[in-house]
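All figures in this text were calculated on a predicted structure; none of them were measured in a lab. We count ligands from 1, going down the list as the structure has it; atoms in each ligand are counted the same way.
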Amino acid sequence: MAYTYDPTNIFACILRGEIPNKTVLESTHTLAFHDIHPQAPVHVLVIPKGPYVTFDHFAAEASVEEIMDFHRTAASVCTMLGIAPGDGYRGITNAGGNGLQEVPHYHLHILGGRPLGRLVERA
Ligand code: AMP
């Protein structure tokens with residue numbers, strides 16, 4: 001099934017400069033900014049600038065340069081915010097209905113600054 005990207009999603013609006021964000025770090029292909037409803041003392045979203053819906057879409061269709069830039073930027077965010085090396089963090093990406101993805105533009109949540117509990121609730 002082909003991926004369909006919705007250019008009206010809120011992160012696309014942020015990338016176009018139509019709404020503000022609290023930028024942590026920006027690179028050629030990637031933007032990292034603070035989540036508007038933080039779930040931990042550190043809660044940053046890392047997004048590619050390209051139109052990718054999910055992790056699997058990004059991994060399948062992004063260029064090597066975009067993929068490298070994304071991961072290097074995410075790692076730099078962890079270093080800048082003192083969670084790696086440090087007390088640790090969690091990287092989460094939600095996809096689709098079962099993943100409860102709210103914004104259909106690929107994003108990596110980076111959470112830290114407190115113990116984060118179990119990865120998922122037991123069914
Ligand atoms: P997800 O459920 O994985 O799609 O997560 C979407 C995340 O985007 C949530 O944690 C929201 O709090 C966050 N979010 C939504 N709108 C904004 C915004 N304008 N600026 C920063 N974070 C946002």
Side-chain angles (χ1 to χ4, degrees):
M1 194 171 75
Y3 297 98
T4 303
Y5 182 79
D6 173 8
T8 67
N9 79 75
I10 196 142
F11 293 169
C13 297
I14 286 175
L15 287 168
R16 288 193 295 268
E18 294 166 2
I19 61 169
N21 74 93
K22 289 188 178 175
T23 298
V24 176
L25 188 60
E26 181 170 9
S27 59
T28 307
H29 299 293
T30 309
L31 180 67
F33 53 96
H34 292 285
D35 195 291
I36 203 166
H37 297 302
Q39 304 296 312
V42 173
H43 189 173
V44 173
L45 302 172
V46 185
I47 68 171
K49 291 183 178 177
Y52 304 103
V53 182
T54 54
F55 160 75
D56 47 288
H57 185 197
F58 181 68
E61 297 190 6
S63 67
V64 168
E65 288 76 16
E66 290 175 292
I67 292 170
M68 186 178 77
D69 185 78
F70 181 88
H71 289 90
R72 289 272 162 85
T73 302
S76 295
V77 166
C78 294
T79 305
M80 283 172 61
L81 298 180
I83 54 176
D87 289 336
Y89 62 94
R90 181 171 293 154
I92 298 173
T93 185
N94 299 315
N98 282 355
L100 292 182
Q101 182 179 11
E102 293 173 13
V103 180
H105 181 112
Y106 172 45
H107 50 284
L108 177 67
H109 296 256
I110 297 176
L111 298 130
R114 68 166 173 81
L116 293 162
R118 300 187 68 89
L119 180 58
V120 293
E121 294 172 14
R122 292 175 188 269

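Looking from atom 8 (O) of ligand 1 to the surrounding protein, the closest heavy atom is Phe11 CZ, 3.4 Å.
In this structure, His34 has a heavy atom closer than 4.0 Å to ligand 1. At least one heavy atom of His107 sits closer than 4.0 Å to an atom of ligand 1. In this structure, Leu100 has a heavy atom closer than 4.0 Å to ligand 1.
Taking every non-hydrogen atom of His109 and a distance limit under 4.0 Å, the qualifying atoms of ligand 1 come out as 1 (P), 3 (O), 5 (O), 7 (C), 10 (O). In summary, the atoms of ligand 1 found under 4.0 Å from a heavy atom of Leu45, numbered by their order in the structure, are 8 (O), 13 (C), 22 (N). Interface of Phe33 with ligand 1, defined as ligand atoms under 4.0 Å from a residue heavy atom, comprises 21 (C). Taking every heavy atom of Asn94 and a limit of under 4.0 angstrom, the matching atoms of ligand 1 come to 1 (P), 2 (O), 3 (O). Contact atoms of ligand 1 toward His37: 12 (O) (distance under 4.0 Å to a heavy atom of the residue). Using a 4.0 Å cut-off to heavy atoms of Gln101, the atoms of ligand 1 that qualify are 4 (O).
In this structure, the separation between CG on Leu111 and NE2 on His43 is 4.5 Å, given to the nearest 0.5 Å. Separation of atoms CG (Asp35) and CG (Leu45) is listed at 4.5 Å; rounding is to 0.5 Å.
Taking the six-membered ring for Trp and thresholds of 30 and 60 degrees, Tyr5 and His105 have ring planes more than 60 degrees apart, a perpendicular arrangement. A parallel orientation is assigned to the rings of His57 and Tyr3, their planes being inclined by less than 30° (bins at 30° and 60°).
For a threshold of 3.5 Å applied to N or O pairs, the pair formed by Val103 and ligand 1 contains at least one separation below that value. Of the polar atoms of Glu102, at least one N or O is found under 3.5 Å from an N or O of ligand 1, judged by distance alone. On a distance-only criterion, Ile36 and ligand 1 share at least one N/O pair closer than 3.5 Å.
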Are Ser27 and Asp69 close enough, and set up right, to give a side-chain hydrogen bond (donor to acceptor under 3.5 Å, both in side chains), and what steps lead you there?
CA-CA 7 Å; Ser27 59; Asp69 185 78; 2.7 Å; yes
From CA spacing to verdict: ring-ring contact (aromatic ring centres under 6.0 Å, His included), Tyr52, Tyr106
CA-CA 6 Å; Tyr52 304 103; Tyr106 172 45; 8.3 Å; no
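For Phe33 and Phe11, the ring centers are positioned less than 6.0 Å apart.
Under a 3.5 Å cut-off, the side chain of Lys49 and the backbone N or O of Glu66 do not form any donor-acceptor pair. In this structure, the side chain of Gln39 engages the main chain of His37 through a donor-acceptor pair within 3.5 Å.
Comparing Asp35, Thr54, Ile19, Ile14 by heavy-atom distance to atom 9 (C) of ligand 1, the nearest is Asp35.
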